[in-house]
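Fair warning: this is a prediction, and the values are worked out from it, not measured in the lab.
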Amino acid sequence: MDKLCCFGSQLVGGRSSSSSGKGKNHEGLIKYGFSLIKGKANHPMEDYHVARFVQIQRHELGLFAIYDGHLGDSVPSYLQKNLFPNILKEEGFWVDPSRAISKAYERTDQAILSHSPDLGRGGSTAVTAILIDGQRLWVANVGDSRAVLSRGGQAIQMSTDHEPNTERGSIEDKGGFVSNMPGDVPRVNGQLAVSRAFGDKSLKSHLRSDPDIQNCSIDYNTEVLILASDGLWKEAVDIARRIKDPMKAAKQLTAEALNRDSKDDISCVVVRFRG
């Protein structure tokens, strides 16, 4: 695959306790911005992102992702460097993107588990979006980070929240359980608040890492795509549509979530289409 050897450096977005930035495709018709802010919880920043346009085999790909880590930042950092390259080097990506994405998610999770002595016991959710030639959008996710598309002023959720109560049957079939303690969210084995994730070796026998995948065409009614970690979504689409600069929109969204006393790390990518 063209330029795959360079992907490790090409696809890595900046990541610190607080970062933001913006870019656009080569025609300048599709723009993106991103903003990541450390939450109020007493641990280091655990979120990573990707926001980049690349040229591969005469195609332009927009690659966007949010990786929301837990119990450390090693797994989301690994995903940032490896998940998209793994997807794009899957045989048949250009023919069947959905199959390639599913296989790459599975193989990446296996690689993370095999490197657990180095990566630790933590894990990460993921929401990824691949925009092919500005015309076709493929979104995949595991966990509770979301992708929402605005088309004609209507919000369309392009991801699936993987919550323990929703997938209780799968968890219990694998010998796990879902706790529902008063004042807390449902958790797998009393620990993890999502039913699918990368990593989490101690819980993996009860978790899934296969993604839900959706795709759609991009037309002139398509306005904005938002990828964000959990807890950001009140009024998100209205804010992103109103603010024309996608970086300013991303910063406003993360600031709004922080102002509402979100304790989690808050990460957001906004892609504004020519429509």
Side-chain angles (χ1 to χ4, degrees), residues 10-15 19-37 47-56 59-68 79-80 83-84 87-88 97 101 125-141 145-159 211-230 232-233 235-257 266-275:
Q10 282 184 332
L11 299 188
V12 173
R15 202 278 322 193
S19 63
S20 60
K22 60 183 177 180
K24 57 186 177 182
N25 71 339
H26 76 284
E27 295 178 341
L29 298 175
I30 302 174
K31 302 178 181 180
Y32 66 82
F34 60 87
S35 178
L36 294 83
I37 298 176
D47 287 8
Y48 282 72
H49 83 288
V50 173
R52 182 78 66 177
F53 281 100
V54 296
Q55 298 288 328
I56 305 289
H59 294 278
E60 181 185 66
L61 299 183
L63 304 173
F64 307 99
I66 295 291
Y67 305 121
D68 183 356
L79 291 169
Q80 183 194 51
L83 184 54
F84 276 129
I87 292 172
L88 296 176
I101 292 168
T125 69
V127 58
T128 60
I130 301 177
L131 179 64
I132 302 178
D133 295 325
Q135 298 176 353
R136 197 79 194 173
L137 178 68
W138 291 85
V139 175
N141 81 291
S145 292
R146 289 182 184 175
V148 172
L149 191 71
S150 174
R151 174 172 282 155
Q154 299 297 312
I156 304 168
Q157 186 157 333
M158 297 291 293
S159 57
D212 273 300
I213 301 172
Q214 297 189 45
N215 74 94
C216 68
S217 60
I218 300 300
D219 57 28
Y220 281 92
N221 288 320
T222 308
E223 299 158 322
V224 173
L225 172 69
I226 306 170
L227 308 182
S229 50
D230 57 316
L232 184 100
W233 290 100
E235 302 175 5
V237 168
D238 286 343
I239 290 173
R241 290 180 65 229
R242 185 175 69 248
I243 301 175
K244 300 303 181 184
D245 184 322
M247 185 185 73
K248 291 181 180 178
K251 292 181 72 173
Q252 182 65 32
L253 287 168
T254 52
E256 285 288 332
I266 306 157
S267 304
C268 179
V269 174
V270 174
V271 183
R272 175 168 286 279
F273 297 96
R274 55 186 175 270

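Using a 3.5 Å distance cut-off with no hydrogens or angles, the side chains of D47 and S267 do pair a donor with an acceptor.
The salt bridge (Lys or Arg N to Asp or Glu O under 4.0 Å) search around K22 returns D245, not counting sequence neighbours. Residues satisfying the ring-ring contact (aromatic ring centres under 6.0 Å, His included) criterion with Y67, sequence neighbours excluded, are absent altogether. The side-chain hydrogen bond (donor to acceptor under 3.5 Å, both in side chains) search around S159 returns none, not counting sequence neighbours. For the side chain to side chain contact (heavy atoms under 4.5 Å, CB included) test, residues two or more places apart in sequence or in another chain that qualify with E60 are N25, H26, F53, Q55, D133. Taking the side-chain hydrogen bond (donor to acceptor under 3.5 Å, both in side chains) definition, one finds that Q214 meets it with nothing, sequence neighbours left out.
In this structure, CG on L227 lies 6.0 Å from CD1 on I66, to the nearest 0.5 angstrom. The OG atom of S20 sits 9.0 Å away from the CG atom of L36 when rounded to the nearest 0.5 Å. Between the OG1 atom in T222 and the CD1 atom in I30 there is a gap of 9.5 Å [rounded to 0.5 Å]. Note: I243 CD1 to Q252 CD = 5.0 Å, rounded to the nearest 0.5 Å. Remark: I56 CD1 to H59 NE2 distance equals 10.0 Å, nearest 0.5 Å. In this structure, W138 CH2 and L131 CG are separated by 12.5 Å, a value rounded to the nearest 0.5 Å.
The minimum heavy-atom distance between L225 and A129, with the atom names listed, is CD2-CB, 4.0 Å. The minimum heavy-atom distance linking A140 with I101 is given by the pair CB-CG2, 3.7 Å. Across all non-hydrogen atoms, the minimal contact from C268 to L253 is SG-CD1, 3.7 Å. Across all their heavy atoms, I218 and R136 have their closest contact at CG1-N, 4.4 Å. Closest approach of V148 and A155 over heavy atoms only: CG1-CB, 4.0 Å. Of all heavy-atom pairs between S145 and S229, the closest is OG-CA, 3.5 Å.
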What do the steps show when you test L61 against I132 for side-chain contact (heavy atoms from CB on, under 4.5 Å), and what is the final call?
CA-CA 5 Å; L61 299 183; I132 302 178; 3.8 Å; yes
side-chain contact (heavy atoms from CB on, under 4.5 Å) between R272 and V224, worked out:
CA-CA 5 Å; R272 175 168 286 279; V224 173; 3.7 Å; yes
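Annotation: salt bridge (charged side-chain N to carboxylate O under 4.0 Å, His left out) contacts involving residues 23-35, sequence neighbours excluded, are absent.
Side chains of T125 and N141 form no contact here, defined as non-hydrogen atoms less than 4.5 Å apart. Side-chain contact between C216 and R151: present, with at least one pair of heavy atoms (C-beta onward) separated by less than 4.5 Å. Using a 4.5 Å heavy-atom cutoff, the side chains of L63 and L88 are in contact. At a threshold of 4.5 Å between non-hydrogen side-chain atoms, the residues Y48 and L79 do not count as touching. Side-chain atoms of K251 and M247, non-hydrogen and from C-beta on, do get closer than 4.5 Å to each other.
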